[in-house]
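Computed from heavy atoms alone, side chains included, the values below leave out hydrogens, waters and symmetry copies. Worth saying up front: this structure is predicted, and the values here are computed from it rather than measured. A note on names: the letters A, B, ... follow the listed sequences, proteins ahead of strands, and every chain is numbered from 1.
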Amino acid sequence: MNERFDPAQADTRWQAAWDEAQCFKADDSSAKPRSYVLEMFPYPSGRIHIGHVRNYTMGDVLARYKRMKGFEVLHPMGWDAFGMPAENAAMEKGVHPGGWTRENITNMKAQLKRLGFALDWSRELATCEPEYYGQEQSLFLDLYEAGLVYRKESAVNWDPVDQTVLANEQVIDGRGWRSGALVEKRKLSQWFLKITDFAEELLEGLSTLDKWPEKVRTMQENWIGKSQGLQFAFTLSNGETLEVYSTRPDTIFGASFVAVAADHPIAQGVAAGSQEVQDFIALCKQGGTTAAELETAEKLGFDTGITAKHPFTGADLPVYIANFVLMDYGTGAVMAVPGHDQRDFEFATKYDLPILRVVAANAEDADKPFAGEAEAGDGICVNSDFLNGMSVAEAKAAIIARAESGGWGEGKTVWRLRDWGVSRQRYWGTPIPFIHCEVCGVVPVPKKQLPVTLPEDVDFATPGNPLARHATWKHVDCPQCGKPARRETDTLDTFVDSSWYFLRFASQPDDKPFDPAQIREWLPVEQYIGGIEHAILHLLYARFWTRALARIGKIEVKEPFGSLFTQGMVTHEVYSREEDGRPVYFGPSEIERTADGATLKEDGQPVTVGKVIKMSKSKKNVVDPDEIVATYGADAIRWFMLSDSPPERDLPWSEAGIEGCARFVQRLWRLFGQHDAAAEGEDKAVDRKAHQTVAAVAEDVESLGFNKAVARIYELTGVIEKAAPSASRSAAIRTLLLLVSPMMPHLAEEAYATFGEGLVANAAWPEVDPALLVEDEVTIAVQVKGKLRDTLTVAKGTAREELEALALASEKVQRALDGAEVRKVIVVPDRLVNLVA
RNA sequence: GCGGGCGUGGCGGAAUGGUAGACGCCGGGGACUUAAAAUCCCCUGAGCUUUGCUCGUGCGGGUUCGAGUCCCGCCGCCCGCACCA
C-alpha cells in the first residue's frame, strides 16, 4: 500500500466502479426488506452548497448502512427544476430557462457524483421534463374529476416584482417569500386545490407521525388552526343582522360591545356617507404587519352609532369598527368580552366601555375586580343567568345547544387553513391542462392529448407571463365542440411538483404517473431528511397530495414520510473591515486565521472576526464544496459533515476542522495498512472494544446521532493503534474499516481492495457477539458522603458485601472518613459504593 | 403576547439520577529531522498551602445517600407563530 491515501485518484476510480457494478440501483422485485431513504431534492441553481452536502451525507450514511444491514434500499435523486430563477436568468442573461436549467443539472450532478453518494441515478428525474410534468397534469385532471380542483375569482396576493400570485404561505410579513416585495391585493380568476377538505384529516394525521419532530407537528397544527365556537347573528338598530363568531360563547353575558373589521360590509356602509369613517378605515389599513409593529400597535376603534341587541339581556351594545378585527377570519366581526379577552380589555379600557366579570375561580369571586388585564383562563360562570355555576366547557356546550334549539346560532368549526391557490402567471412551470371555450366553458384537456408541453420560442424581454403573450401557443380548438378556443396560460405552483416526486421515484412507468403495486412496496419513505424551512409549505402540501391520491384510489398510503429529520445549517465566521463607514466582507479563502484573530492574505493586516452565522453570499462567509473536495477529497468533507455537532443543530465550518478530518483519513489509511491476515493471538480487550463499537455505532446511525458515532470510531481507532499485533487486532482493523465505510466510502474501498473480498459497498455490517459487549472488569466509584474519594477495579458482579469491605479498606476512604462512624452504605453493584457518615 | 428549544472548558460538544468534561478542534511541551512537512508521545476546567484538597454544568431554592440530569422560581439566548375572536 502507498504511504498516503490519494483521494484525487481514488475518489473517481471508486465512483466509476460503483457505477459499473450498479451497486446502488434499487431492485423493484427484490425479496429483501425495503428501505426508502430520501433527502429533499434540490433546486438546480447551478452549484451545490455546503448545506446540500450535509443533508445528502446524512442520508447517504443511512442508505449505505441500511444496505449493509441487508435492506433493499431506494435512495434516489432528482431536480426541483421549475421556478422563478430560471426565468430571472432568462431575463438577465438572455438564456432559455430550459437550457439554463439543464446545464445547471449537469453541473450539479457532476458535483454530487464527486462526493460519492450511493444514489440510484437510473431513477433521476427533473420536474421540468414533459415525462414528469405530463404525468402531473394527468393527476391534476384526476383530482379535478374528483371535485378537488376548482376555479374561483379571488383576491390574490400579487407580487409586483416577480409579477406573480403567491399562496398565503408564501407571504411572510406582507412580503413575497422570494422577492421580499410588498404584496398587493388583486382580483383574478384562479385555480385552487381543496386542501381544506382535508383539514381534519391532516390535523388528525399529525398524531400518527410520532417520528416527526414535535416542532414541525406543532407548526402544522397551528397552520391548520382548528377552532370551535358559536356563530350567531345580532339584530342591529338599523334593521340589519350581523354574524359574529366566538370561541368563548360561554362569556356571552360579558359582552359589552361588538367590533367589525375595517373592510366589513357594515363598516363600508357607514363609510359611504362619512369622510371621517373613510379616514379611519384608511388609518387601519396603514398599520404595519410585522411582529414588532403588531405588538406595539394601539387598539383603535370608531363608534358607528349602530347598536346590536344582546340575545339574552336585550341590552344595546355599541358597534365599533376596530383595527384589531380581521376580515378574513371567522365572520370579520366579534362579540367583545373585555373581561376575558386581552384585546377587548385594552379596547374597552381605551374607550371606557364596561368590563364585566362572567368567569371566576369560584362563586364567591363573582364581583372580584380585574387586575389590569383580562382573565382568559378556566373557571366557573358567574353573572351569567342560566350558565351560573357551570365550567367553561359545560357553558360552551349549553350555550351552543340553546342557540341551535332557538334557531339563532350554531356551533361551528373554523379553520385557519385556506384552499391552496396553485395558479402562477409564469412560463417556467407545469401548464395547467385546461382549455377555455366560449361555448363549452372550462374544458379539461383530454388525457390522450397530454402532455401539454411548453413552447420553446418565448421572449422574456417584458415582465408578465410569456405564455399569455405567445403568438400561437394558446390558440387551440375546443376538444368538445371543435370551435376555436384558448389554452389556460397559468402554470402550476412549483410546490405541486414537489408534492408527489417521492412517488415517481418509487415507480416511473411511461404511460402513467406510477404503478400502485410499486408504491405499496416502497412507501412510506422510511427516513426523510431536509431543512426546517419546509416545515409547513412543502411538507403539508405533500401530505395533502398523498391523501388526495389515496382518497381517489390511486394509492393506499396516507402519510408519505414515516420519519422526518430536519438538519441544522452550516455556519461560518464572518470576516470584515470597516471602509468608509460600511463593512467590506472577505471570504475564508482570502483569510489567514491565527490563534487570536485573522489577517487578510493580500496585505497581512488584521480583519475583524465576526459572529458565526449561516453561510450567505452577501457576507461572503461561504465555502465551495468543490474546492474542498479538490483539496481534501470527498471523504474528508463527508467526515466533517458528520463530526462534532449534533445533526439537528448548526454546524460551524472551520478550516482547522476540515484539516483535522483530512488528517484522520490518512491516520485510518495507515492503520488499515497494518491489517495482517496472518497475525495470530487473541486480545480480549481489543475484541471487546471492537464489538462494543459496532453495536454502538449501529445504534447511533439508526438514530442519526452521527456525531456520537464519529466519537466512538475515534475511540476504537485509538485503542487499535495502541494494541500489539494479534489476530484480534487485525479483525478489529477490518471491523473499523466496515464501520467507517458508509461515511468514508472511497478510503474504505481503497483499503478493502487489498483484502481481496470485492467491493466494500456490497459488504455486510459486522455481526456483534453479545458476549463481548459485557465487560468482565468494572471500575467502581467509592464515595464518602456523595463525594468521590477513590475508585476500585473489580470483577463484574462482585457481591455487595465484598464491595463494601473493599471500599472501607481503602486508605483514601479512611482518610476522608477521618474516624467518623459510617451510618449507612449505599451499594449499586458494578457502579458505586457510597459511605454515609 | 403564545408555543417550543437551549444554557456544560478557549471552541464544537459527551454523559439510563451514580467517577462531569468522552471524542474532536485550538493551544503548550517534547521526540524524530541538517531543517521543515508529515508522524508519534505528554499536558491542557479554575484555584490552592499540590502524596493531595477546594470549587465547578446560567442564577436562587428544593427533593435525594447522590442532581448537568427531577421539581419550583428567576435570568439570558435561539426558533416558530401571532390582534385567529
Which parts of nucleotides 45-52 of chain B does protein reach within less than 4.0 Å, heavy atoms only, written one letter per nucleotide 5' to 3' as B for base, S for sugar-phosphate only and - for none? -------S

Letter per nucleotide, 5' to 3', of nucleotides 13-25 of chain B [B base touched, S only sugar-phosphate touched, - untouched; heavy atoms, 4.0 Å]: SSSB-BB--BSSS

Please report the distance separating the C1' of B:rA82 from the corresponding atom of B:rG21, rounded so that it comes out in whole Å. 41 Å

Would you measure the distance from the P atom in B:rA22 across to the matching atom in B:rC42 and give it in whole Å? 15 Å

Does B:rG4 have its OP1 or OP2 closer than 4.0 Å to a side-chain nitrogen or oxygen of A:R217?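 No, A:R217 has no side-chain N/O under 4.0 Å of OP1/OP2 on B:rG4.
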
Is the shortest side-chain N/O distance from A:Y245 to OP1 or OP2 of B:rA85 below 4.0 Å? no

Ion pair A:R248/A:D341, N-O distance below 4.0 Å: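 No salt bridge links A:R248 with A:D341.
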
Nearest non-hydrogen partners of A:L326 and A:A261, listed with the distance: C-CB, 3.9 Å

Please work out whether B:rG9 sits syn or anti, treating a glycosidic angle within 90° of 0 as syn. syn

Using Watson-Crick and G-U wobble pairs with both distances under 3.5 Å, what is the 5'-to-3' dot-bracket string of RNA chain B, with [ ] for crossing pairs and | for pairs outside the strand? (((((((..(((.....[....))).(((((.......))))).((((...))))..(((((..]....))))))))))))....

Please work out if A:V244 contacts a base, only the sugar-phosphate, or nothing of the nucleic acid, heavy-atom cut-off 4.0 Å.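 A:V244: no heavy atom of the nucleic acid under 4.0 Å.
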
Would you classify A:R823 as touching base, sugar-phosphate or nothing, given that sugar-phosphate means primed atoms plus P, OP1 and OP2, and contacts are heavy atoms under 4.0 Å?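 A:R823: no heavy atom of the nucleic acid under 4.0 Å.
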
Let me spell it out: for each of A:K824 and A:T331, pick the nucleotide of RNA chain B with the closest heavy atom. Which residue's pick is nearer the 5' end? A:K824

Are there any protein N/O atoms within less than 3.5 Å of an N/O atom in nucleotides 78-80 of chain B, and if so, which ones and at what distance?
| from | atom 1 | to | atom 2 | distance (Å) |
| --- | --- | --- | --- | --- |
| B:rC79 | O2' | A:K215 | NZ | 2.8 |

Side chain to side chain contact (heavy atoms under 4.5 Å, CB included) with A:R667: which residues, sequence neighbours excluded? A:F664, A:R670, A:Y714, A:T717, A:E721

Holding to ring-ring contact (aromatic ring centres under 6.0 Å, His included), I want the full list of residues that pass it with A:H264, two or more places apart in sequence or in another chain.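 None.
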
Indicate whether the side chain of A:E648 and that of A:Q567 have a donor and an acceptor atom separated by less than 3.5 Å. no

